[in-house]
Amino acid sequence: MEIRHAEFISSHTDMRKYPVDDKPEFAFIGRSNVGKSSLINMLTKRKNLAKTSVRPGKTQTINHYLIDNKWYLVDLPGYGYASVAKATKKGWGKMIEEYVLRRENLYCLFILIDSRLSPQPIDLNFIHLVGNAGIPICLVLTKTDKITKVELQKNMERFEKKLKETWAELPVIFTTSSLKKKGRDEILHFIESAMAG
Ligand code: GTP
Ligand code: MG
């Protein structure tokens with residue numbers, strides 16, 4: 001599948017204001033700065049469709065991008081950014097939770113994880129939260145241009161081992177680099193198949 005047209009539709013914090021149609025949605029979540037917005041730009045081949053920043057905490061709302069008039073890519077704020085005031089953090093948590101747990105047309109939630117890190121409690125906790133709720137998920141190991149193939153393989157195995165402690169079935173795991181445009185075809189193919197049912 002190729003994306004021909006990508007269009008910013010809305011930026012909201014309130015679930016009641018999200019687009020009301022029932023087109024399929026594919027959303028991106030993960031720790032602040034993990035590369036969610038960059039991945040959306042990479043997939044759509046648009047440099048600045050989603051705003052990115054070297055500083056964590058850039059995306060603070062739920063952003064809907066309409067793709068080829070048929071489905072949405074959804075950019076979410078990051079979780080786990082320590083410098084954000086507690087009250088704000090709580091608010092984001094609630095907004096994210098409400099979206100991922102209650103959005104009926106969410107076809108798949110892509111959970112982004114920094115490929116350089118060993119499994120982090122904050123990511124594992126989030127995976128357990130949505131996994132237990134029966135939300136369809138995929139994992140995306142990001143920024144693979146920053147490590148060697150061997151290191152990537154090692155971290156991926158550590159992550160799989162950790163997940164196997166809890167889950168009988170592992171989610172699909174993608175490895176990506178927005179810098180090197182790696183993982184694009186694989187993710188778009190997955191999205192196409194998911195929409196085909
Ligand atoms: P928040 O909106 O703050 O939660 O962050 P985000 O997850 O949307 O991250 P964003 O896409 O803004 O990227 C954060 C930083 O990481 C930016 O400086 C990006 O250029 C950089 N970055 C993102 N993806 C990659 C990648 O694949 N490789 C490299 N080397 N840098 C990346
Ligand atoms: Mg962002």
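Worth knowing before you read on, the calculation uses all heavy atoms, side chains too, and leaves out hydrogens, waters and symmetry mates. Counting convention: from 1, in listed order, for ligands and their atoms alike.
- From the protein, the heavy atom lying nearest to atom 9 (O) of ligand 1 is Gly35 N, 3.2 Å.
- Lys36 NZ, 2.8 Å is the protein heavy atom nearest to atom 4 (O) of ligand 1.
- Asn132 is linked by a side chain to side chain contact (heavy atoms under 4.5 Å, CB included) to His128, Trp167, counting only residues two or more places apart in sequence or in another chain.
- Inclusion of Lys51 in the set of residues having an N or O under 3.5 Å from an N or O of ligand 1 is not warranted.
- Between the side chains of Thr61 and Thr13, no donor-acceptor pair of N or O atoms lies under 3.5 Å.
- When hydrogens are left out, the protein atom nearest atom 31 (N) of ligand 1 is Lys146 CE, 4.0 Å; that is the closest non-hydrogen contact.
- Using a 4.0 Å cut-off between heavy atoms, Lys180 makes no contact with ligand 1 at all.
- Asn33 N, 3.0 Å is the protein heavy atom nearest to atom 5 (O) of ligand 1.
- Panel detail: the Mg ion (ligand 2) has protein N, O or S atoms under 2.8 Å away, 2 in number.
- Using a 4.5 Å cut-off on side-chain heavy atoms (C-beta onward), Val74 and Phe26 make no contact.
- By the 3.5 Å distance cut-off applied to N or O atoms, Pro77 is not counted among the residues near ligand 1.
- Of all the heavy atoms of Ser37, the ones lying under 4.0 Å from any atom of ligand 1 are found in both the backbone and the side chain.
- With hydrogens left out, the protein atom closest to atom 25 (C) of ligand 1 is Lys143 CG, 3.7 Å, a heavy atom.
- Between Leu76 and ligand 1, no N or O atom pair is found at a separation short of 3.5 Å.
- Contacts with ligand 1 closer than 4.0 Å are made by heavy atoms of both the backbone and the side chain of Leu179.
- Which parts of ligand 1 touch Gly57 is read off a 4.0 Å heavy-atom cut-off, strictly below it: atoms 3 (O).
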Is there a side chain to side chain contact (heavy atoms under 4.5 Å, CB included) between Leu141 and Thr176? Walk through the geometry before answering. CA-CA 6 Å; Leu141 301 184; Thr176 62; over 6 Å; no
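- Not a single N or O atom of Pro56, backbone or side chain, sits closer than 3.5 Å to an N or O atom of ligand 1.
- The option from Asp145, Thr142, Thr176 that lies nearest to atom 29 (C) of ligand 1, judged by heavy atoms, is Asp145.
- Closest approach of Pro136 and Leu106 over heavy atoms only: CG-O, 4.4 Å.
- Partners of Lys181 according to the salt bridge (Lys or Arg N to Asp or Glu O under 4.0 Å) rule, which considers only residues two or more places apart in sequence or in another chain, do not exist here.
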Check against side chain to side chain contact (heavy atoms under 4.5 Å, CB included), Tyr72 and Ile9: CA-CA 9 Å; Tyr72 290 102; Ile9 296 294; 4.0 Å; yes
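- Under a 4.0 Å criterion applied to the non-hydrogen atoms of Ser177, ligand 1 contributes the atoms 27 (O).
- Phe190 is connected to Leu112 through a chain of hydrophobic side-chain contacts under 4.5 Å among Ile, Leu, Val, Met, Phe, Trp and Tyr, so both are in one cluster.
- Considering both main-chain and side-chain atoms, Lys58 comes within under 3.5 Å of ligand 1 through a nitrogen or oxygen pair.
- Side-chain atoms of Glu25 and Tyr99 include a donor-acceptor pair closer than 3.5 Å.
- In this structure, Phe126 has its ring center under 6.0 Å from that of Tyr79.
- For Asp68 (side chain) and Lys70 (main-chain N/O), no donor-acceptor pair under 3.5 Å exists by modelled atom type.
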For Arg31 and Asp123: C-alpha separation, side-chain torsions, deciding distance, then whether side chain to side chain contact (heavy atoms under 4.5 Å, CB included) applies. CA-CA 8 Å; Arg31 292 171 77 181; Asp123 294 320; 3.6 Å; yes
Contacts table for residues 156-163: side-chain donor-acceptor under 3.5 angstrom, sequence neighbours left out:
from	atom 1	to	atom 2	distance (Å)
Glu157	OE2	Gln153	NE2	3.1
Arg158	NH1	Asn155	OD1	2.9

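- The heavy-atom pair separating Met1 from Trp71 by the smallest distance is CE-CZ2, 3.7 Å.
- Residue nearest to atom 14 (C) of ligand 1, selected from Ser178, Gly78, Ser53, Ser38: Ser53 (by heavy-atom distance).
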